[in-house]
Amino acid sequence: MNRKLCLFETEQEAIAFCTSHFLQEAKKALLERGTFAVALSGGSTPKKFFQALSDAKETLDWSNIVLFWSDERAVAPDHPDSNFGMAMHYLGKKPFNEAKMFRMEAERTDADAAAREYERLIHERCPEGRFDIVYLGVGEDGHTASLFPHTSALTVRDRKVVANYVEAKKSWRMTLTFPCINEARNIVVLALGPSKAPIIKEIFNPVGKELLPAALVGTQETPALFICDRAAANE
Ligand code: 6PG
């Protein structure tokens, strides 16, 4: 099975688990490789997780955490839709090393060049060119990162990062690809609240032949951990 359900009664318990899992994997990676390579997710779900991380009193070598993003909108970092800007709002005061934080420059006109540069950074800054954890959310249409249904990024197998035009949003995105996500040492999908219940049901009980993008993350070797509260897994 390429996924596991980590079910918690309440949102608070789910977020507490997600936070302690981050800290545990950080210590492990820093001990083993001297670096903890993370790709942060966007949207609104991660906000409470990032707040909990910001509040964590754990002593950790934050300066050797390399921060990447799982996807980004084609906006400047100070735009309200920026996933980078959202994360920095919550995590900005943690003692990360700014030289090890890499924003996806999804707003650049040459989006493909920006994606290729981001891919080069992953190879240069992540041990073995792999993330220790990739964080993801899931949209109500079953997208994850910016791997939206019926978009060209879904079939990419020879890139870790691509620009992806999303017709449903009439906008460009930049996103990690399935090969990049599925070679991570840990894959975490955080899905909270009743609005996620129908799509979580569909992911865990697929009806059609065509699997949703969020059902394609995770492998037998590294199952995607779906961290859900009861509300999100209610169906
Ligand atoms: C994005 C996100 C996206 C998100 C889902 C869920 O840039 O929009 O990366 O994949 O995780 O859309 O979004 P919510 O957490 O806001 O429900």
Side-chain angles (χ1 to χ4, degrees), residues 3 11 14-15 18 22 38-53 67-91 102-107 111 114-115 118 131 133-154 156 160-178 180-182 184 187-203 211-218 224-229 231-235:
R3 73 184 71 86
E11 177 183 272
I15 286 165
C18 196
F22 175 101
V38 186
L40 297 177
S41 52
S44 56
T45 301
K47 292 177 179 176
K48 289 178 180 168
F49 163 46
F50 294 165
Q51 183 61 60
L53 215 41
L67 273 191
F68 285 77
W69 270 258
S70 303
D71 71 320
E72 187 58 276
R73 293 80 179 276
V75 295
D78 58 356
H79 188 284
D81 289 351
S82 166
N83 288 335
F84 172 86
M86 181 274 281
M88 287 301 100
H89 173 80
Y90 292 94
L91 296 171
F102 305 103
R103 180 179 75 87
M104 282 183 166
E105 297 175 342
E107 74 280 15
Y118 204 73
F131 289 108
I133 301 189
V134 171
Y135 286 100
L136 299 166
V138 56
E140 290 170 26
D141 61 355
H143 79 263
T144 192
S146 283
L147 297 165
F148 283 79
H150 319 303
T151 60
S152 59
L154 296 183
V156 171
K160 291 182 188 283
V161 190
V162 291
N164 192 31
Y165 185 71
V166 183
E167 183 60 37
K169 302 254 181 195
K170 294 274 186 281
S171 67
W172 282 91
R173 297 281 189 97
M174 190 180 297
T175 186
L176 299 186
T177 59
F178 284 123
C180 180
I181 292 166
N182 285 336
I187 303 161
V188 170
V189 179
L190 183 60
L192 303 172
S195 72
K196 304 296 182 190
I199 204 68
I200 292 296
K201 176 184 176 186
E202 166 77 17
I203 289 165
L211 288 177
L212 295 166
L216 298 173
V217 297
L225 299 185
F226 276 70
I227 300 177
C228 298
D229 59 1
N234 222 5
E235 295 185 20

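Atom set for the values below is all heavy atoms of this structure, side chains included, hydrogens, waters and symmetry mates excluded. Remember, it's 1-based here, ligands and their atoms both numbered in the order they're listed.
Between Y118 and F68, the two ring planes are perpendicular [angle over 60°; tilted spans 30° to 60°]. The aromatic rings of Y135 and F22 sit parallel to each other, their planes meeting at less than 30°, with 60° as the upper class boundary.
Here T177 contributes atom OG1 and D71 contributes atom CG; the two are 12.5 Å apart, rounded to the nearest 0.5 Å. Rounding to the nearest 0.5 Å places NZ of K48 at 9.5 Å from OH of Y90. Considering CG of L192 and CG of D229, their distance stands at 5.0 Å, rounded to 0.5 Å.
Of the N or O atoms in G139, none lie within a sub-3.5 Å distance of an N or O in ligand 1. Any N or O atom pair closer than 3.5 Å counts here, and S146 shares no such pair with ligand 1. Of the polar atoms of S41, none of the N or O atoms is found under 3.5 Å from an N or O of ligand 1, judged by distance alone.
Listed by number with element, the atoms of ligand 1 under 4.0 angstrom from any heavy atom of G137 are 11 (O). If you number the atoms of ligand 1 from 1 as listed, the ones under 4.0 Å from a heavy atom of A145 come out as 3 (C), 9 (O), 10 (O). Atoms of ligand 1 lying under 4.0 Å from any heavy atom of N83, numbered from 1 in the order shown and given with element: 1 (C), 7 (O). Residue contact check: K196 has heavy atoms under 4.0 Å from atoms 6 (C), 14 (P), 17 (O) of ligand 1.
The closest protein non-hydrogen atom to atom 15 (O) of ligand 1 is T45 OG1, 2.6 Å. Protein heavy atom at the shortest distance from atom 12 (O) of ligand 1 is H143 NE2, 2.7 Å. Atom 6 (C) of ligand 1 has V138 O, 3.5 Å as its closest protein atom, hydrogens excluded (heavy atom only). Scanning all protein heavy atoms for the shortest distance to atom 8 (O) of ligand 1 gives R73 NH2, 2.8 Å. Protein heavy atom nearest atom 2 (C) of ligand 1, with residue, atom name and distance: D71 OD2, 3.5 Å.
Counted within 6.0 Å of NE2 on H79, heavy atoms from surrounding residues, nucleotides or ligands total more than 12; the atom is thus considered enclosed.
Judged by distance alone, the side chains of N164 and T151 do bring a donor and an acceptor atom under 3.5 Å apart.
At a threshold of 4.5 Å between non-hydrogen side-chain atoms, the residues C228 and I200 count as touching.
Among G42, S44, A191, the residue whose heavy atom lies nearest to atom 16 (O) of ligand 1 is S44.
Taking both residues in full, the closest heavy atoms of T45 and K196 are given as OG1-CE, 4.1 Å, listed atom of the first, atom of the second, then distance.
Ligand 1 has no atom lying under 4.0 Å from any heavy atom of E72.
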